[in-house]
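Side chains are part of it too, since the values below use all heavy atoms of this structure and drop only hydrogens, waters and symmetry mates.
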Amino acid sequence: ADPDASHVRVCVIGGGQAGLATGFYLRRAGLVPGVDFVILDAAEQPGGAWAQMWPSLRTFSPTRYSSLPGWMMPTWTEDSGYPLAAHVADYLSAYERRYELAVRRPVRVAGVSRADQGLLVRTDHGNWLADQVVSATGTWSRPFIPTYPGQFAGQQLHTAQYRQAADFSGRRVLVVGGGNSAAQILAEVSRVADTTWVTPRPPRFLPDDVDGHALFQLATNRRRAHDSGHPDTGGVAGLGDIVMVDSVRDARDRGVLHARDPFERLTRSGVRWTNGDHVELDVIIWCTGFRPALHHLAPLRLRGPAGLIPTHGTQAVQEPRLHLVGYGDWTGPASATLIGVGRTARDLATALTQSSAQFPIRRE
Ligand code: FAD
C-alpha cells in the first residue's frame, strides 16, 4: 500500500473513446471529474489510437454512425468520403474539453494491484487508491504479427507503423490480412507499388451500399441472441466485413483486390506457398490485428486460458472492483467501435455508481 496515494471512487485507465464515453456517463451520474473519478492516459495528446493512425485512414462509417454519447461528431465536409483519422482525433479532443473530463496525461499506469481498501493504481506520476477501476487501454499499443517459419531479409512493418503509400513507391509489397486496415492499405499502396495480397480466408466484402453501421447492428443482434440463450446469429460472417470506402472500390475497379491463400513460410527474398510458388518481395506489411493492452493488470492475475480476462459484461469475474471496456465484443457488444461503446459505457457507469454503497467514498 502507498500512504500517499490519492483516493478516488473510480480510476479510468485510458482516455481514448472508451475512457471518454465512460467519463461522460460517470459525470452524468453526478460524479465530479478529477475529484470522484480520474481518467489517466499515457499519451502526450488526446485522441487515443486515432491520433496515431496513418493520415489517410478513413472511418468505416459516416459521422452520424461514428459518434459518442451526448454530442455528435461534426459532419465531415472535406470531400464526399468518410472522415479521416485526424477528424476523429479532433472530435475526441473537443469532446473531452466539452465535458470537462480533466484527463490527466501523460500518465502511464504501470500496474494495478489489490490493497486493503481498494485497488492501487501505480503510475509514473504518482499513485491512486481507487474503490473501482475501469481499464480502457485499447489495443493499439499491442500490434500482433503471426509467426511463420523462415526469415525474411527485407523490410517488415505492422499496420501500427504504416504512414503513407509513397514510402513504398516502385517496390514489391506483400500485404497480409483480411480486414479493413489491409484493404485500405492495399488500395493505396497498389497505386504506386507491385502488390500481392494474402488473407487468412477469402476476403468478405460488404455490399457497396452498406457501411459500418450494419456491422454494429449485427454485433448487437449477436450479443442479444447470446444473452437470451438463442443460437449465435453469426455476426458479420454472412455479410462480409470489408467496408467499400471509395479507395477500396477504386482498387476493385483496377482489379487489384485478388487475395491469395496463406503462404507456408518466409524466405530471405519473399514468401513460399506449399505448392512451391514463390513471390519475390521488398516489403511485408502485416495488417494482422492487435491484442488487448492488459499488461498493467498482470499483478491481479486474472487472465484466463485464451489470454483474456473472463468478464460478466464488463466486470472481471475474479475481481468485481475491475471493469474492462472497449477491447472487443467480450467487453460489450461492438464496444470497440465509436458508436458501440456508448451503450456499454452507460451500463458500466450505472453498475459503478450503484455499487458505490459497497465501495463507500473516503475523502480526506
Ligand atoms: P484507444 O483509442 O487505443 O485508447 C486507449 C488509450 O489508453 C490511449 O489513449 C492510450 O494512450 C491509453 N493507454 C494505453 N495503455 C495505458 C497505460 N498503461 N496507462 C495509461 N494509459 C494507457 N472503429 C469505428 O467505430 N470506426 C472505424 O472506422 C474504425 N476504424 C479503425 C481502424 C483501425 C486501423 C483500427 C485499429 C481500429 C478502428 N476502429 C474503428 C476500432 C476502434 O474504434 C478503435 O480501435 C478505437 O481506437 C478504440 O478505442 P479505445 O478507447 O478502446 O482505445
Side-chain angles (χ1 to χ4, degrees), residues 15-21 24 41 43-99 101 103 138 140 159-169 175 177 179-193 195 205-217 240-254 256-257 285 287 326 334 336-342:
Q17 65 200 38
L20 297 184
F24 171 85
D41 195 288
E44 298 274 345
Q45 75 292 326
W50 294 101
Q52 316 279 336
M53 293 178 187
W54 65 99
S56 61
L57 173 81
R58 301 268 179 182
T59 64
F60 47 66
S61 38
T63 49
R64 69 182 178 284
Y65 296 129
S66 306
S67 293
L68 294 183
W71 182 47
M72 291 284 280
M73 183 186 291
T75 308
W76 170 256
T77 52
E78 297 293 309
D79 55 32
S80 63
Y82 294 160
L84 291 171
H87 186 68
V88 186
D90 289 347
Y91 165 63
L92 295 181
S93 178
Y95 187 93
E96 66 177 65
R97 283 198 307 276
R98 181 184 176 100
Y99 294 111
L101 294 175
V103 180
W140 186 258
T159 317
Q161 288 131 11
Y162 176 83
R163 296 310 294 165
Q164 54 178 354
D167 298 341
F168 307 101
S169 190
V175 176
N180 284 291
S181 306
Q184 288 192 29
I185 288 176
L186 176 79
E188 61 186 39
V189 172
S190 63
R191 298 188 72 87
V192 298
T195 50
F205 301 102
L206 280 159
D208 281 10
D209 57 346
V210 175
D211 63 34
H213 181 236
L215 300 182
F216 169 67
Q217 277 305 340
D241 45 19
I242 295 176
V243 180
M244 301 308 284
V245 297
D246 289 350
S247 63
V248 177
R249 267 187 233 190
D250 169 70
R252 179 188 61 197
D253 297 346
R254 283 185 285 118
V256 298
L257 288 190
I285 307 179
C287 304
T337 63
L338 285 155
I339 192 175
V341 73

Just so I know, are the side chains of [X] and [Y] near enough to count as touching, which here means a heavy-atom distance under 4.5 Å?
X    : Y    : answer
E96  : D41  : no
V243 : V248 : no
S80  : D246 : yes
S181 : W54  : yes
L68  : Y99  : no
D79  : R58  : yes
L20  : V341 : no
W76  : T59  : no

Distance only, no hydrogens: is a donor on one side chain within 3.5 Å (strictly under) of an acceptor on the other, for E188 and Y162?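 A donor-acceptor contact under 3.5 Å links the two side chains.
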Taking all non-hydrogen atoms of both residues, which atom of A334 and which atom of T337 are closest, and how far apart?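 Scanning both residues, the minimum pair turns out to be O-OG1, 2.7 Å.
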Students often mix this up, so state it plainly: with edges at 30° and 60°, are the rings of F24 and Y95 parallel, tilted or perpendicular?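 Tilted: the ring planes of F24 and Y95 meet at 30° to 60°.
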R191 with D250: basic N within carboxylate O range, under 4.0 Å: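 Looking at R191 and D250, the cut-off is met.
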